[in-house]
Engineer: 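Got a structure for you, written out below as structure tokens; questions coming shortly.
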Number of protein chains: 2
Amino acid sequence: MNTTPHPRSTRDRPAKPPLSRDAVVDAALALLKSEGLDAVTMRRVAAALDTGPASLYVYVAGREGLLQAIQDRIIATIELEEPDRLRWRGQLHTLLDRMYRALVAHPGIAATTMTEPPSMDATLHLLENILGLLLAGGLEPQDAAWAADIFALLVSYAAMEADARRTNPREQADELYQRFTSLSPETFPLVTAYATQLVAGDSEERFHVAIDMVVDGMIARATRR
Amino acid sequence: MNTTPHPRSTRDRPAKPPLSRDAVVDAALALLKSEGLDAVTMRRVAAALDTGPASLYVYVAGREGLLQAIQDRIIATIELEEPDRLRWRGQLHTLLDRMYRALVAHPGIAATTMTEPPSMDATLHLLENILGLLLAGGLEPQDAAWAADIFALLVSYAAMEADARRTNPREQADELYQRFTSLSPETFPLVTAYATQLVAGDSEERFHVAIDMVVDGMIARATRR
DNA sequence: GAGCTGGACGTACGCTGTTCGTGACGAACA
DNA sequence: TGTTCGTCACGAACAGCGTACGTCCAGCTC
């Protein structure tokens, strides 16, 4: 047997499981869930996989591509609704609420969904489902198509607000209320008078009201034709 | 006369105007307008002022504080509307359109407005004006308070989309249409069927429709009470 | 065996925001 | 006048960041 005592290569491959796209995304997702978006750096992900950051570029198109893969993973966990003409509105709320919760369970990811055109599989399935619900409700196709964008936006925003609240629980609304009520009533008669309304509702409540406003608006538009 | 040839101090103050908060924000704003948000780094701003980045921290609370100051500057340029009970709806569109244009004129800034609670002067004046218009329209105060948030969100989003389009003019909608129409009609019957509607409209058109949907929804809710 | 290919990844580049310590200097005081 | 104190200015350094580039090596094919 040849037992030459030469230095062990730092690229000792058989000692580590081979990387894969799934492994990379899994590691990133775990970091996201436990430490939030800022922890999802190429170095941190690579360290979690016992490798170096340059190794990841085979599997993901940079950090941007990694974040997209994570988003799609998260969206893929959302249970869809079978459109029902009689219940579509409640179903829409349910579906968007699930999306909201999926985002909130991953601190910080909501902000990365904001400008993503729907192009990956899970996101497209979600879009298809939203369209299905809106059309089941008899809404105009053009309005439905545009509203899908708006609903996605509302979800992302609500999740971002929930993220901000997590960092600063309860303190934010209080500070804001203080700010509003300490303004000059001469200069800001409405803001001071309606300070309570301006800070009312948690992000979920505001979120569901926002959905309703958009839906009610679409119904009014459809009724008008 | 004493002409001792000793090394000239690098802190030759009389040769430079003293820094000020306005000077810092002005320099940052100029960089933002000409090169977009990514150029607004502490080093770039400092270089524009012929100093070092550490000098800026006397005037702004880090980059975050600098961005907030910039936002407020931009918002302060927006001409407000005197609320008129008969024209409030058109006025709202006009006001939000001005906001949209102000953001679009500063590439990338829209994304930084997304999670900012309204706390600086110009932003508060804008909020006061939006509330004024909505209440002039006879809408419910609680709905008006919540809708102000939604309108701000819609503006930011539209501006962000315009920013993205600037980077990728026309190409994005085409790619998306291609993507949608090349999907399996079995799996995505609606997305494929309504691909045209999904990519229709530029960011301004979609923006104004979104405003209308929210407004129509609020009117329906007010009518229902 | 030789050559090729693609995965693995170390090294280095060019940046980022921020902190800390020090110098310069004006105002106030004794 | 000399000294003290507070504030501005800012260099140096810290602790990162994403990524490009070049090298190594295992596995495969001929």
Side-chain angles (χ1 to χ4, degrees), chain A residues 2 4 6-28 31-32 35-71 108-109 111-112 115 167, chain B residues 2 4 6-28 31-32 35-71 108-109 111-112 115 167:
Chain A
N2 187 1
T4 313
H6 69 90
R8 190 173 184 93
S9 167
T10 57
R11 296 204 187 144
D12 196 337
R13 287 207 176 107
K16 301 199 280 191
L19 288 181
S20 67
R21 183 177 166 89
D22 272 354
V24 173
V25 179
D26 283 345
L31 270 177
L32 175 64
E35 299 186 42
L37 188 65
D38 287 346
V40 186
T41 67
M42 304 307 275
R43 284 172 171 80
R44 286 292 305 274
V45 175
L49 294 164
D50 192 28
T51 187
S55 309
L56 307 185
Y57 290 84
V58 175
Y59 302 100
V60 290
R63 187 170 187 267
E64 187 69 37
L66 176 60
L67 293 181
Q68 279 179 11
I70 294 175
Q71 284 166 27
I109 199 67
T112 74
T115 50
T167 312
Chain B
N2 186 0
T4 314
H6 70 90
R8 192 174 181 92
S9 167
T10 56
R11 296 202 185 143
D12 197 336
R13 285 209 171 104
K16 301 201 278 189
L19 288 182
S20 67
R21 182 176 169 88
D22 272 354
V24 173
V25 179
D26 283 344
L31 270 177
L32 175 64
E35 298 186 45
L37 187 65
D38 287 348
V40 186
T41 67
M42 304 307 276
R43 284 173 170 80
R44 288 291 307 273
V45 175
L49 293 164
D50 192 26
T51 186
S55 309
L56 308 185
Y57 289 85
V58 175
Y59 302 99
V60 289
R63 187 170 187 267
E64 187 69 38
L66 176 60
L67 292 181
Q68 278 180 14
I70 294 174
Q71 284 167 27
I109 199 66
T112 75
T115 50
T167 311

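Quick note: numbers below take in every heavy atom, side chains included, and nothing from hydrogens, waters or symmetry partners. By convention in this document, chain letters (A, B, ...) are assigned in the order of the sequence lines, proteins followed by strands, and residues within each chain are numbered from 1.
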Engineer: In whole Å, what is the span from the CG atom of Leu49(B) to the P atom of dC10(D)?
Structural biologist: 10 Å
Engineer: Kindly indicate whether the side chain of Arg63(B), heavy atoms from C-beta on, has any atom under 4.5 Å from the side chain of Leu67(B).
Structural biologist: yes
Engineer: Does dA30(C) have a Watson-Crick or wobble partner in any strand here, with both distances under 3.5 angstrom, and which is it?
Structural biologist: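 Matched dA30(C) with dT1(D) under the 3.5 Å cut-off.
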Engineer: Rounded to the nearest 0.5 Å, what separation is found between the CG atom of Asp38(A) and the CG atom of Leu31(A)?
Structural biologist: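 Answer for the CG-CG pair, Asp38(A) versus Leu31(A), is 11.5 Å.
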Engineer: How many Å lie between CZ on Arg21(B) and P on dA9(D), as a whole number?
Structural biologist: 14 Å
Engineer: Between atom OH in Tyr57(B) and atom P in dT16(C), what is the gap in whole Å?
Structural biologist: 11 Å
Engineer: Which whole-number value in Å describes the distance from Leu56(A) CG to dG7(C) C1'?
Structural biologist: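 That distance rounds to 13 Å.
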Engineer: To the nearest Å, how far apart are Leu67(A) CG and dC17(D) P?
Structural biologist: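 Computing the Leu67(A):CG to dC17(D):P distance gives 14 Å.
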Engineer: dT16(C) phosphate, OP1 or OP2: any side-chain N/O from Thr41(B) under 4.0 angstrom?
Structural biologist: yes
Engineer: Of the candidate nucleotides dT18(C), dG18(D), dC17(D), which contains the atom at the shortest distance from the side chain of Arg63(A)?
Structural biologist: dG18(D)
Engineer: Expressed in angstrom and rounded to an integer, what is the separation of Tyr59(A) atom OH from dT19(D) atom C1'?
Structural biologist: 18 Å
Engineer: Which residue lies toward the 5' end of DNA chain D, Arg43(B) or Ser20(B), if each is placed at its nearest nucleotide?
Structural biologist: Ser20(B)
Engineer: Please pick, from dA8(C), dT19(D), dC8(D), the nucleotide with the shortest atom-to-atom distance to any side-chain atom of Ser55(A).
Structural biologist: dA8(C)
Engineer: Between Met42(B) (CE) and dT19(C) (C1'), how many Å, whole number?
Structural biologist: 12 Å
Engineer: For the side chain of Tyr59(B) and the backbone of Leu19(B), is there at least one donor-acceptor N/O pair under 3.5 Å apart?
Structural biologist: yes
Engineer: Indicate yes or no: at least one non-hydrogen side-chain atom of Ile70(B) is less than 4.5 angstrom from one of Thr112(B).
Structural biologist: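 No - every pair of side-chain heavy atoms lies 4.5 Å or more apart.
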Engineer: With side chains defined as the heavy atoms from C-beta onward, is the minimum distance between Ile109(B) and Leu32(B) less than 4.5 Å?
Structural biologist: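 In short, these two side chains touch, coming nearer than 4.5 Å.
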Engineer: Please determine, for the side chain of Ala54(A), which listed nucleotide (dG7(C), dG10(C), dG11(D)) has the closest atom?
Structural biologist: dG10(C)
Engineer: Taking CG from Asp50(B) and C1' from dG11(D), how many angstroms apart are they, rounded to a whole number?
Structural biologist: 14 Å
Engineer: When you measure from the side-chain N and O atoms of Thr51(A) to the phosphate of dA8(C), is any distance below 4.0 Å, counting only OP1 and OP2?
Structural biologist: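 Checking dA8(C) against Thr51(A), no side-chain N or O comes under 4.0 Å of OP1 or OP2.
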